[in-house]
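Inspection log for the structure reproduced underneath, given as structure tokens.
Both backbone and side-chain heavy atoms feed into the values below; hydrogens, waters and symmetry mates do not.
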Amino acid sequence: EKKRYDREFLLGFQFIFASM
Amino acid sequence: QELLLAECLGKHPLQNRWALWFFKNDKSKMWQANLRLVTKFSTVEDFWALYSHIQPASKLTSGCDYSLFKDGIEPMWEDSQNKCGGRWLITLAKQQRHTELDRFWLDTLLCLIGEMFDEHSDEVCGAVINIRAKGDKIAIWTREAENQQGVTHIGRVYKEHLGLSQKVVIGYQAHADTATKSGSLAKTKFVV
């Protein structure tokens, strides 16, 4: 199965990893 | 606690491994010597870790490029997976560097790593942002310029994700045409 992610899902990770 | 949490979370794998490239224009060197591979990543988490630690495109000096390509494809026309392809080109006005450039580039990256072009995502090779004094450019490169159905689907989805008005028209140029004509004179093969 192809790994597809929509914009909102991807953006949800932005600030978790920006702060690490 | 943070480490334990990170271990428990697990990472989200991407469909493809991606390579980020950086180009800095140094006229004393050959073009290819100015092009450097920054790093590769293959998870959502590693993408953000990278994105959060590099200069935003709007802060780069003129003459610089970022490129994000699938692992194994070099960001140049000559690569065997690019040479029959072309690009959807977004040309920005000078003032858009401060208002829209970074968002457009981030949305371009998310379209790529999220495989947002449905069954035509395999047609995508990568994306390039050119920072230039006369006007910045962003493009999505695809592998086969003659694949009208795939190319136009990618163009429509891309335009929608950038939030461009229906009145705005974007064009697709085959690399073979761009390579033989200077800049703005390149023939537009498709529009959406």
Side-chain angles (χ1 to χ4, degrees), chain A, chain B residues 1-18 39 41-56 68 70-71 102-124 153-154 157-163:
Chain A
E1 194 184 331
K2 295 253 180 186
K3 302 282 182 218
R4 291 185 180 142
Y5 301 106
D6 65 25
R7 182 177 186 271
E8 285 63 37
F9 179 87
L10 293 170
L11 283 172
F13 288 84
Q14 180 172 15
F15 296 108
I16 300 171
F17 288 88
S19 62
M20 286 176 74
Chain B
Q1 269 189 330
E2 278 184 4
L3 278 175
L4 190 62
L5 182 62
E7 280 178 15
C8 291
L9 280 173
K11 291 186 178 182
H12 293 77
L14 300 171
Q15 179 65 30
N16 284 285
R17 190 169 198 224
W18 296 88
T39 192
F41 59 88
S42 55
T43 68
V44 176
E45 289 80 357
D46 290 348
F47 164 73
W48 284 117
L50 170 63
Y51 183 82
S52 307
H53 288 90
I54 57 173
Q55 282 278 64
L68 186 79
K70 286 175 179 168
D71 189 18
D102 289 330
R103 182 183 72 76
F104 279 1
W105 178 236
L106 177 57
D107 274 321
T108 304
L109 299 176
L110 298 183
C111 283
L112 264 56
I113 67 168
E115 309 282 331
M116 293 185 197
F117 303 107
D118 307 301
E119 70 273 26
H120 300 292
S121 287
D122 289 346
E123 284 292 304
V124 172
H153 180 82
I154 290 167
V157 171
Y158 185 37
K159 190 175 155 180
E160 187 185 322
H161 276 281
L162 292 185

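For B:Y51, the part lying near chain A is the side chain, with the backbone staying farther off; criterion is any non-hydrogen pair under 4.5 Å. There is no contact between B:N16 and chain A, counting heavy-atom distances below 4.5 Å.
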Q: Show the numbers, then the answer: is there a side chain to side chain contact (heavy atoms under 4.5 Å, CB included) between A:Y5 and B:L110?
A: CA-CA 9 Å; A:Y5 301 106; B:L110 298 183; over 6 Å; no
**Q.** Criterion side chain to side chain contact (heavy atoms under 4.5 Å, CB included) on B:M116 and A:R7, from CA distance to verdict
**A.** CA-CA 9 Å; B:M116 293 185 197; A:R7 182 177 186 271; 4.2 Å; yes
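With hydrogens and angles disregarded, a donor-acceptor distance shorter than 3.5 Å links the side chain of B:W48 to the backbone of A:L10.
The distance from the CZ atom of B:F47 to the CD atom of A:Q14 is 8.0 Å, given to the nearest 0.5 Å. For the atom pair CG (B:D122) and NZ (A:K2), the distance works out to 3.5 Å, reported to the nearest 0.5 Å. If you take CD on B:E115 and NZ on A:K3, they are separated by 11.5 Å, rounding to the nearest 0.5 Å.
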